[in-house]
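Here is how names work: the chains are called A, B, and so on, in the same order as the sequence lines, proteins then strands, and each is numbered from 1. Small disclaimer: the values here were computed from a predicted structure and weren't measured.
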Protein chains: 2
Amino acid sequence: MTHVSDATLRKFVGYHMKRAFNVVQADLAKTLKPFDLRMLTYSALVLIVDNPGMRQSQLADAMDIERPNLVMIIDELERRELIVRDRVPNDRRAYALKATLQGSQLCDQAIKSVVAHEEQLLVALDDDARANLVTALKLIETSLKRDTL
Amino acid sequence: MTHVSDATLRKFVGYHMKRAFNVVQADLAKTLKPFDLRMLTYSALVLIVDNPGMRQSQLADAMDIERPNLVMIIDELERRELIVRDRVPNDRRAYALKATLQGSQLCDQAIKSVVAHEEQLLVALDDDARANLVTALKLIETSLKRDTL
DNA sequence: TATTGTTATACTCTATAACTATA
DNA sequence: TATAGTTATAGAGTATAACAATA
């Protein structure tokens with residue numbers, strides 16, 4: 001056999017999503033490597049910069065991961081002094097997450113690099129096609145939630 | 001803080017792709033559970049049904065995974081008697097993978113179920129929007145390869 | 001009682017090096 | 001020497017149960 005047919009799998013949108021997402025993910029990982037960030041540490045840092053004072057449980061919620069899995073991510077960002085665990089007033093159980101100056105500066109640089117790399121990935125799509133893509137992805141993301149309304 | 005802003009991340013197509021893909025992946029896993037299949041065992045089974053006699057190295061290539069990681073997948077499908085490892089004539093190193101009757105029947109049922117579930121995910125998209133989505137995903141998947149031409 | 005963060009644990013997916021048997 | 005399949009191993013991401021401190 002010299003040629004492998006994926007005719008059946010090709011009919012599924014999920015198949016194309018997995019393949020495209022793998023490319024995006026690999027490229028993002030490569031883009032973030034110079035900053036010593038991964039997708040998860042990057043997402044967490046961006047969200048903390050944008051939402052100073054947020055709690056870990058809120059961050060886990062926003063990132064769609066379980067609380068225990070966030071602990072090591074926050075540990076890593078804190079160890080590198082990109083964020084700090086401040087105390088929430090009137091609730092000594094929780095931490096108020098805040099980016100340091102160093103953290104928000106690294107975040108800005110990383111965002112610039114990610115923007116440039118994403119532009120390369122989307123170079124074949126015009127503005128309309130990009131808008132339609134995001135719209136379609138949002139509809140898919142919320143399709144099952146809408147079912148239960 | 002009562003509201004978390006993801007304004008920065010929302011600007012990235014990759015962010016929307018991750019979220020949409022997570023939904024698709026979770027739904028697919030749930031859909032395949034009654035058949036005792038995972039995404040990887042499902043993809044492998046479909047490809048073997050469509051390409052009887054293919055070798056493991058070809059299958060790993062088609063699935064975009066490393067050869068060692070395919071071994072347990074094939075082991076599992078073989079143990080459940082959904083496929084067999086036949087011998088390739090004139091090359092005693094390689095196996096010719098073939099689905100059993102039981103395997104191709106399970107595959108047909110699984111495909112039907114996946115088709116139905118995917119229809120639910122895409123219910124908000126008309127035919128045009130679906131075609132545009134697949135086109136966009138294919139362009140993203142091949143964007144970096146085209147760069148190097 | 002319930003919640004926040006944490007520890008421990010386990011399972012899946014992925015990646016690499018090294019082995020065996022064949023070619 | 002090169003290739004097909006295998007073994008062993010390690011890392012990342014994810015999920016659950018259970019705990020201490022606090023509400």
Side-chain ion pair, B:Asp75 and B:Arg85, N-O less than 4.0 Å:
yes
Just checking A:Arg85: base, sugar-phosphate only, or nothing, at a heavy-atom cut-off of under 4.0 Å?
sugar-phosphate
How many whole angstroms separate atom CG of B:Asp75 from atom C1' of D:dT7?
11 Å
Can any side-chain N or O of A:Asp126 pair as donor or acceptor with the backbone N or O of A:Ala129 at less than 3.5 Å?
yes
For the pair made of CE in A:Met39 and P in D:dG13, what is the distance, rounded to whole Å?
9 Å
Just to be sure I understand the rule, does B:Leu70 reach a base, reach only the sugar-phosphate, or reach nothing, if contact means heavy atoms closer than 4.0 Å?
nothing
Would you mind classifying the nucleic acid contact of B:Gln56 as base, sugar-phosphate or nothing, using non-hydrogen atoms under 4.0 angstrom?
sugar-phosphate
Indicate the atoms forming the closest heavy-atom contact of B:Gln102 with B:Glu81, along with that distance.
OE1-O, 3.7 Å
Should the pair A:Lys11-B:Glu118 be classified as a salt bridge under the 4.0 Å nitrogen-to-oxygen rule?
no
Between D:dG11 atom P and A:Asn69 atom CG, what is the distance in whole Å?
18 Å
Which of these passes side chain to side chain contact (heavy atoms under 4.5 Å, CB included) with A:Phe12: B:Val24, B:Val115, B:Leu28?
B:Val115
Starting at atom CD of B:Glu78, determine the distance to atom C1' of D:dT6, rounded to an integer number of angstrom.
13 Å
Whole Å only: how far is the CD atom of A:Glu76 from the P atom of C:dT6?
15 Å
What's the closest nucleotide to the side chain of A:Arg38 if the choices are D:dT16, C:dT6, D:dG13?
D:dG13
In this structure, how many angstroms lie between the C1' atom of C:dG5 and the CZ atom of A:Arg55, rounded?
11 Å
Side-chain N or O of A:Ser57 versus OP1/OP2 of C:dG5: is the shortest distance under 4.0 Å?
yes
B/S/- contact track for nucleotides 18-23 of chain D, protein heavy atom under 4.0 Å
---BBS
